[in-house]
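The block underneath contains the structure these notes are about, expressed in structure tokens.
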There are 2 protein chains.
Amino acid sequence: MSDPDRPTFRVIADQIRAAIHEGTYAKGSTLPTDVQLAEQYGGNRNIVKRAIELLTAEGYVNKTSNQRGSTVSAIIAKIRRDSTARYARAFREGQQAGQPARGSFNAEIQALGMTPESRVRVTRVAPPANVAKILGLQHNTETTIVRARQMFADSTPVQLADSYIPVAIAEAAGLENEDTGVGGMLSRLTEAGYAQATIEETINVRTPSEEEAERLNLTEDHRVYEIVHVARTEDGTAIEVALHVMPVHLWELSYKWEADPRS
Amino acid sequence: MSDPDRPTFRVIADQIRAAIHEGTYAKGSTLPTDVQLAEQYGGNRNIVKRAIELLTAEGYVNKTSNQRGSTVSAIIAKIRRDSTARYARAFREGQQAGQPARGSFNAEIQALGMTPESRVRVTRVAPPANVAKILGLQHNTETTIVRARQMFADSTPVQLADSYIPVAIAEAAGLENEDTGVGGMLSRLTEAGYAQATIEETINVRTPSEEEAERLNLTEDHRVYEIVHVARTEDGTAIEVALHVMPVHLWELSYKWEADPRS
DNA sequence: GAGTGGTCTAGACCACAGA
DNA sequence: CTGTGGTCTAGACCACTCG
């Protein structure tokens, strides 16, 4: 059955992957060292290392710098990002009974029974070129506020999200504070007269930059979603551009809409 | 600057990647052999091979089985799949002046100046378990028609799309023919009284199966989008489930919707 | 038959962390 | 100091293709 001469390093990767699924190696635990694994499965250390590289890139295994033995990833399930629902007001405010979630990220993580955490840093910066273009701003001067968020689930970093807002709008909406209150930034923008009417998200998958790899605890062999999120008012002016970066093995994306709304 | 002890195989990969971008290696052309590259860049053949593996997984290089020298990928630009627009009737029928596009896939490929081609095979099958569950059918018997499409851009395979429709509905809409006429399958379904009202798409990224790898000319180190597309009528019954599989390095996905449509 | 890509082996060196 | 993971080297074998 299947390919008879499937390379050894893939076979070993398959075996270890299966062992993780079966619970032989508990999630969060430490894998045996290369040499130990080499004794168990194949002969050569290089071959075992290659197998583990595969599993690392797939997200089954984490390499915490110079640790003894790699650790089995603590998160197996995918976090679901329901992109259209997350911008509905009820979901943002986390109104379900007994759920203290504030903001859609918290709701997403709690849906998995994990503990969300996020760190925000608000600064005034010159936006990246592509963001500046969408917002119709100069990209050489500090024309935007950025709310740089780093998000965690059970202390594991799972997402980076940088939200760019033109300075004029941010000031009007009082978004220079780190805490944006109930309903988050979007509720503040609405109150300030910048209600978002349409949203567009563009998705690409790429390798993480060195900085992203470090902040998300990834290697360059991983893949991340890069979501460019643009919110516009009724008249079409862009009021916010958010860049989301998240490991593909941790997230599942979902979109729901009505077919042929007009015409 | 950057990491001083960046591993050699990554440095070489960077150099070759840059050379491809600069046009030193023309797209569609054949790269030098391993040994030649080893002479040019580093010393060892293994190291060069590892570099090329990286570039292959990223989609810059194609390995056509036992060819002499790998070939530089012919497609550099990303094909844009505007998921919400593609189900609007005007786009499907390709009504722009002089554009003979029929179906949204053709329009997507022609937008890049490439020539689309697609092969369809219609058969009656037992649906996969997850599809059966969504459609509310048995998955052990032949309860669905599948329109299995394989799509190409300039003769390069770029997407697999299997569309499952319950037998009863397919017969009513006359979908057992391979050619579905102007406006495609969706127009036929609408005419038969199964107008789709809502659409939901769920996106995951994973490694391709062996079969998918072969049909899309990929290795197991590539990554593919898996999009589960579900169309429902006004009363919420699912009438079609489509499984789209496409290499992440060839596609960019886009969604656009109205914020807070109700409430 | 020679060259090539894919795989595997055996062994080496280094930086670094834990005992 | 020892063990470990990350990297690199040198060389081998095989299947396959091209000339």
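Since the structure is predicted, the reported quantities are computational estimates derived from the model, not experimental observations. Order of the sequence lines fixes the chain letters, A, B, ..., with proteins taken first and strands second; residue numbering starts at 1 for each chain.
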By side-chain contact (heavy atoms from CB on, under 4.5 Å) - contacts of B/Val125 (at least two apart): B/Thr123, B/Thr144, B/Val146, B/Tyr164

5' precedence on DNA chain C between B/Glu53 and B/Gln36 (nearest-nucleotide basis): B/Gln36

Contact nearer the 5' end of DNA chain C, comparing B/Asn46 with B/Asp34: B/Asp34

Check the distance between [N]'s [atom2] and [X]'s [atom1] and give it to me in whole angstrom.
| X | N | atom1 | atom2 | value |
| --- | --- | --- | --- | --- |
| B/Asn44 | C/dC13 | CG | C1' | 15 Å |
| A/Arg10 | C/dG6 | CZ | P | 11 Å |
| B/Phe9 | D/dC8 | CZ | P | 6 Å |
| B/Asp221 | C/dG6 | CG | P | 11 Å |
| B/Leu37 | C/dT4 | CG | P | 11 Å |
| A/Ile47 | C/dG11 | CD1 | C1' | 14 Å |
| A/Glu220 | D/dT7 | CD | P | 10 Å |
| B/Asn62 | C/dG5 | CG | P | 15 Å |

Given D/dC8, C/dT7, D/dT4, the nucleotide with the shortest approach to the side chain of A/Pro7: C/dT7

Under-4.0 Å side-chain N/O to phosphate OP1/OP2 contact, A/Lys49 with D/dG6: yes

Phosphate-side-chain proximity, A/Lys63 and D/dG6, N/O vs OP1/OP2 below 4.0 Å: yes

Salt bridge present between B/Arg10 and A/Glu210 (N-O < 4.0 angstrom): no

B/Arg45 with B/Glu39: basic N within carboxylate O range, under 4.0 Å: no

Distance-only donor-acceptor test (3.5 Å): side chain A/Arg45, base C/dG11: no

Ring-ring centroid check B/Tyr60 B/His249, cutoff 6.0 Å: no

Toward the 5' end of DNA chain D, by each residue's nearest nucleotide, A/Leu31 or B/Thr8: A/Leu31

All side chain to side chain donor-acceptor pair (under 3.5 Å) counterparts of B/Glu58, not counting sequence neighbours: B/Arg17

